[in-house]
Amino acid sequence: MSTNEPAPAPAAPSHFIHQIIDEHNRTGRFEGRVQTRFPPEPNGYLHIGHAKSICLNFGTALKYGGKCNLRFDDTNPSKEEQEYVDSIMEDVRWLGFQWDGIYYASDYFEQLYQWSEDLIKKGLAYVCDLTADQMREYRGSLTKPGKNSPFRDRSVEENLDLFRRMRAGEFPDGSRTLRAKIDMASPNVNLRDPVMYRIMRAHHHRTGDAWCIYATYDWAHGESDSIEKITHSICTLEFENHRPLYEWFVQSLGIYVPQQIEFARLNLTYTMMSKRKLLELVAGKHVHGWDDPRMPTISGLRRRGYTPESLRAFCERIGVSKFNGLIDMSWLEESLRADLNKRANRVLGVLRPLKVVIENFPKGQVEELEAINNPEDASAGTRKVPFSREIYIERDDFREDPPKQFFRLAPGREVRLRYAYFLKCESVVKDPATGEVTELRCTYDPATKGGNSPDGRKVKGTIHWVSASTAVKAEVRLYDHLFSKPEPEDVPEGESYLTNLNPNSLEVLPEVPIEPSVANAKVGDRFQFERLGYFVVDHDTKPGKLVFNRAVTLADTWAKIEKKK
RNA sequence: UGGGGUAUGGUGUAACGGUAGCACAGCAGUCUCUGAAUCUGCUUGUCUAGGUUCAAAUCCUAGUACCCCAGCCA
């Protein structure tokens, strides 16, 4: 299975943002319109935290019959690249959403510039010659008010002249800024004459070298929202302090005023959402790229085997609020299991093989047994699985000295081979040097074909197996948490989060025997390997070499029992 | 120390003055040719202290804890 359905309108109702929208609709604030936008900066790949925002923004538009734009917040050319733009579009689409308009903040550079002149003419913005260090000094501190810049009272004419020359490239990088003239004594430091433009000669991925001055986020964001007639500008909590500035700009300009609403960003255990640090992991080769299956990026999760449906279900389930919580990674995993349990075809594969010779099965004979593809979905049908004298079983499914509650194979014990026969362990072959079990000599009961015994004899365990001669050998990559601590960024002073990297986050099994039905599996196909977990065909697969990623294990009660001891 | 936010079981989220509900986890059981899935039941909570009220998670007062803000990042 590998099909993706477009996202349906979310059935679940009210979180506080939808309540605000309901209220706006009731009072007619936006004439019943709902227009949202997802505004990523193209300076990295999208991660699961962005998925929350995407589901919120696009889902809200879907729910209210409104619209949602994709807008690239590309106001800082020093960090932004086309590669990121492309990946973001791909990820949004893959998640199942279709944007109504696609825009770039850079589309608005000229308009922004004109509006800046308007503000200057109104006496609400000025060109400042303070250096970055000086500006910091003048800003004051959290508890002390700032001081007015000595350039604050330049005339409109002088400001206009200087600003036009800034645009014309007459001044070196960083030498001047355009600032909003608000209040250097405001308890909200964002209102202490924030910078609107900086001089920066950087090549922009879309506007090239047309500009040497670039708008800051605060100056560009609300104005872009206003141009697009956004009704609800949904962003994360850290922008709450910026809302007064957001409103100051649009109100001073006298243009359309959207409503900014803030919600808590997603935090997940055993990983992190910092774009900067994610970039570090990639650049420092701690992972194999942005789409490494251990990464919390959407491309990483996709490669890991996650479905868009499971990611949307996860975002639905975690809810939306202003509480800055920490969600357990197992919730994400559970969302995938729930989805794949219903949709993924089952297959038999043995991760850590132990050879079994069935002494009373004829040499050279291969028998075709019928197996159900998906017990949760009758329409998935059945398939044939070859059975023969030599098979592999999971090493974990045999114990020479079985503990209590272990009802798998052991010397003298009988188990059922899934979709095949009862199998009894007659003797154990060991490596004389190491004592390691290398082979099991067993017998099967021909009367138990299909898994049931005519004499009503019961067997406690059913184990998976693969016929040795017909097995397909695949590389299988097993993944674990990228970090070994639930909060990897929570480190003592001076220590790096990198010390929390899990050294065992990837294990490669080079030659895993799998039943031959997977031989022609396509990249992106997902399967349940019975009793083991869900696996997806990785794009490293080449003709003659199958590569699987383990997306997630199955819930494992036995492992839990063992862990307790 | 200034400003802005947030506190409900282990986790996340409802309840908008009227029985604290739901989901996931956990535990026990059921079922099972996957120790999966299913199904059943159970445990666990309103940050603290006062106050208003017949009645408070919700309103008031005073605390406490945590998050964000002093980029020419977003």
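These numbers come from a predicted model, not from an experiment. So that the names make sense, note that chain A is the first sequence line, chain B the second, and so on, each numbered from 1.
Each of A:P187 and A:H242 was assigned the nucleotide of RNA chain B with the nearest heavy atom; the assignment lying further toward the 5' end belongs to A:P187. Nearest-nucleotide mapping onto RNA chain B: of A:I561 and A:T75, the residue sitting toward the 5' end is A:I561.
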Q: For the pair A:Y138 and A:D193, evaluate side chain to side chain donor-acceptor pair (under 3.5 Å) and give the outcome as yes or no after the intermediate values.
A: CA-CA 10 Å; A:Y138 275 77; A:D193 290 10; over 6 Å; no

Q. Where do A:F249 and A:H221 land on the ring pair (Phe, Tyr, Trp, His ring centres under 6.0 Å) test, with the steps shown first?
A. CA-CA 10 Å; A:F249 277 131; A:H221 200 90; over 10 Å; no

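Using Watson-Crick or G-U wobble geometry with both donor-acceptor distances under 3.5 Å, B:rA28 finds its partner in B:rU40. Of all nucleotides present, only B:rU64 satisfies the Watson-Crick or G-U wobble test against B:rA7, with each distance under 3.5 Å.
A salt bridge between A:E530 and A:R346 is absent, with no side-chain N of the basic residue lying under 4.0 Å from a carboxylate O of the acidic one. A salt bridge links A:D225 with A:R71: the distance from a Lys NZ or Arg NE/NH1/NH2 to an Asp or Glu carboxylate oxygen falls below 4.0 Å.
Of the options A:D396, A:D397, A:T462, a side chain to side chain donor-acceptor pair (under 3.5 Å) to A:R531 is made by A:D397 and by none of the others.
As rounded to the nearest Å, B:rG10 and B:rC31 have C1' atoms that lie 28 Å from one another. Between the C1' atoms of B:rU64 and B:rG26, the separation comes to 30 Å (whole Å). Taking atom P in both B:rC22 and B:rC39, one finds a spacing of 15 Å when rounded to whole Å. The C1' atoms of B:rA36 and B:rU30 are separated by 15 Å, rounded to the nearest whole Å. Between B:rU44 and B:rU8, the two C1' atoms lie 13 Å apart (nearest whole Å). Taking atom C1' on both nucleotides, B:rG3 is separated from B:rA70 by 11 Å, rounded to a whole Å. Across B:rA56 and B:rG18, the matching C1' atoms stand 10 Å from one another, rounded to whole Å. As rounded to the nearest Å, B:rA14 and B:rU52 have P atoms that lie 31 Å from one another.
When heavy atoms are screened at a 4.0 angstrom cut-off, A:V459 is found touching no nucleic acid atom at all. Here A:P39 lies out of heavy-atom contact (under 4.0 Å) with every strand. Residue contacts shown for A:K275 are absent, as no nucleic acid heavy atom lies under 4.0 Å away. Among the protein residues, A:N241 comes within range of the nucleic acid bases, having at least one heavy atom under 4.0 Å from a base atom. Here A:Y197 lies out of heavy-atom contact (under 4.0 Å) with every strand. A:I318 comes within 4.0 angstrom of the backbone, heavy atoms only, and of no base. As judged by a 4.0 angstrom heavy-atom cut-off over every strand, A:E262 is placed among residues making no nucleic acid contact. Note on A:G174: a base of the nucleic acid sits closer than 4.0 angstrom, heavy atoms only. Within the 4.0 angstrom heavy-atom criterion, only backbone atoms of the sugar-phosphate kind lie near A:R317; the bases stay farther away. If you check every strand for non-hydrogen atoms under 4.0 Å, A:T216 touches sugar and phosphate atoms only. Nucleic acid contact for A:T177: base, since at least one base atom lies under 4.0 Å from a heavy atom of the residue. Here A:A555 lies in heavy-atom contact (under 4.0 Å) with sugar-phosphate atoms only.
Taking atom OH of A:Y45 as the reference point, atom P of B:rA74 lies 21 Å away to the nearest angstrom. Rounded to a whole Å, the CG atom of A:L245 is 16 Å from the P atom of B:rG4. Computed from coordinates, the A:K563 NZ to B:rG26 P distance equals 11 Å when rounded to whole Å. Rounded to an integer number of Å, the gap from A:L326 CG to B:rA7 C1' is 16 Å. In this structure, A:F407 atom CZ and B:rA36 atom P are separated by 8 Å, rounded to whole Å. Separating the NE2 atom of A:H15 from the P atom of B:rA23 is a distance of 19 Å, rounded to the nearest angstrom. Rounded to an integer number of Å, the gap from CG of A:D133 to P of B:rA70 is 16 Å. Counting to the nearest Å, the C1' atom of B:rA36 and the CD1 atom of A:I463 are 16 Å from each other.
Put simply, the side chain of A:D91 never gets that close to the backbone of A:I88: no donor and acceptor are under 3.5 Å apart.
Between the base of B:rU34 and the side chain of A:R346 there is a donor-acceptor pair shorter than 3.5 Å. If you check distances only, the side chain of A:R408 does reach the base of B:rG35 with a donor-acceptor pair under 3.5 Å. Evaluation of atom-type donor-acceptor distances gives no pair under 3.5 Å for the side chain of A:E376 against the base of B:rU38. Residue A:E238 places no side-chain atom within donor-acceptor reach of the base of B:rC67, judged by atom type and a 3.5 Å distance cut-off alone.
Glycosidic conformation at B:rG9 (O4'-C1'-N9-C4 for purines, O4'-C1'-N1-C2 for pyrimidines): anti, more than 90° from 0.
Atoms CZ and CZ, on A:F151 and A:R176 in that order, are 8.0 Å from each other to the nearest 0.5 Å. Atoms CZ and CD1, from A:R167 and A:I199 in turn, are 13.5 Å apart once rounded to the nearest 0.5 Å.
A cation-pi geometry, defined here as NZ or CZ lying under 6.0 Å from the six-membered ring centre and within 45° of its normal, holds between A:R317 and A:W331.
Listed nucleotides B:rC73, B:rA23, B:rG26 differ in distance to A:M200; the shortest reach to its side chain belongs to B:rC73. Distances were taken from every side-chain heavy atom of A:N76 (C-beta onward) to each of B:rG5, B:rU11, B:rA74; the shortest belongs to B:rA74. Residue A:F323 has its side chain nearest to B:rU8 when only B:rC73, B:rU8, B:rC69 are considered. Between B:rG5, B:rA74, B:rA15, one nucleotide has an atom nearer to the side chain of A:R198 than all others, and that is B:rA74. Each of B:rU6, B:rG35, B:rC24 was ranked by its minimum atom distance to the side chain of A:K322; first place goes to B:rU6.
The aromatic ring of A:W558 sits over the base of B:rG35, with ring centres less than 5.5 Å apart and planes tilted by under 30°.
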